[in-house]
Amino acid sequence: MKFEKGVRLLGRIEGLVESPGQLEIAEGATLEGDVKAGNIRVDGSVKGNLRATGKIHLSASAKLEGDLTTARLEVAEGAVFIGKCVVGSDAAAKG
């Protein structure tokens, strides 16, 4: 799935998601696949790798099983993250 602006996922999707905009995975939503986006907010569940040129936000209800690469990272208390993490403007620019 490719899109230019922001998208809010409310259901379930499998596969690659790409966008220069923002992707929001709502609470109760599930994404299985890799994501490349400007900004990513996870309130639901993700099994896959996340790459953001801007910011990744994992809320208290988020569950991420996969690696992430981003310029900025915000993790709320209660979020579940299983994977490797690379944070910094240099790391995000390489992707």
Side-chain angles (χ1 to χ4, degrees):
M1 180 168 124
K2 291 186 180 187
F3 55 92
E4 292 297 319
K5 297 185 180 183
V7 168
R8 182 172 172 92
L9 175 64
L10 299 172
R12 177 180 165 82
I13 190 169
E14 291 183 30
L16 177 67
V17 177
E18 291 185 59
S19 172
Q22 177 159 326
L23 173 66
E24 293 183 32
I25 297 112
E27 190 169 352
T30 303
L31 188 147
E32 290 188 28
D34 294 342
V35 176
K36 294 180 183 179
N39 294 298
I40 304 168
R41 178 180 175 93
V42 181
D43 296 319
S45 176
V46 176
K47 286 186 180 181
N49 301 319
L50 303 182
R51 179 177 293 274
T53 55
K55 178 180 176 180
I56 294 177
H57 174 86
L58 302 177
S59 73
S61 61
K63 182 174 181 183
L64 171 60
E65 293 181 47
D67 300 339
L68 64 82
T69 304
T70 184
R72 295 178 296 140
L73 176 64
E74 183 177 343
V75 181
E77 185 176 346
V80 176
F81 171 50
I82 302 167
K84 296 177 184 173
C85 176
V86 178
V87 179
S89 57
D90 292 339
K94 290 178 184 176

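- Summarising the geometry, atom CG belonging to Leu68 is positioned 6.5 Å from atom CG belonging to Leu58; distances are rounded to the nearest 0.5 Å.
- With hydrogens and angles ignored, the 3.5 Å screen pairs a side-chain donor or acceptor of Asn49 with a backbone N or O of Asp67.
- The backbone N or O of Thr30 lies less than 3.5 Å from no partner atom in the side chain of Ser45, so there is not a single donor-acceptor pair.
- More than 12 heavy atoms of other shown residues, nucleotides or ligands fall within 6.0 angstrom of atom CD in Glu32.
- Of the inter-residue distances, the one linking Ile56 atom CD1 with Arg72 atom CZ reads 11.0 Å to the nearest 0.5 angstrom.
- Here CG of Leu16 is found 9.5 Å from CG of Leu31. Values are rounded to the nearest 0.5 Å.
- Residue Ile40 forms a side-chain contact (heavy atoms from CB on, under 4.5 Å) with just one option from Leu64, Thr70, Ile25, and that option is Ile25.
- For the residue pair Gly66 and Phe81, the shortest heavy atom distance occurs at O-CE1, 3.1 Å.
- Under a hydrophobic-cluster definition in which Ile, Leu, Val, Met, Phe, Trp and Tyr are linked whenever side-chain heavy atoms come within less than 4.5 Å, directly or via other members, Val7 and Leu10 are assigned to different clusters.
- Taking both residues in full, the closest heavy atoms of Ala37 and Gly21 are given as CB-O, 3.7 Å, listed atom of the first, atom of the second, then distance.
- No salt bridge links Lys36 with Asp34; every basic N to acidic carboxylate O contact stays at or beyond 4.0 Å.
- Between the CD atom in Gln22 and the CZ atom in Arg41 there is a gap of 8.5 Å [rounded to 0.5 Å].
- With rounding to the nearest 0.5 angstrom, the CG atom of Asn39 is 9.5 Å from the CD atom of Glu24.
- Although no hydrogens or angles enter the test, the distance criterion places a donor-acceptor pair under 3.5 Å between the side chain of Ser61 and the main chain of Asp43.
- Between Ala76 and Ala60, the shortest heavy-atom contact is CB-N, 3.5 Å.
- Between Ser19 atom OG and Glu4 atom CD the span is 6.5 Å, to the nearest 0.5 Å.
- Taking every heavy atom of both residues into account, Ser59 and Ala79 meet most closely at O-CB, 3.2 Å.
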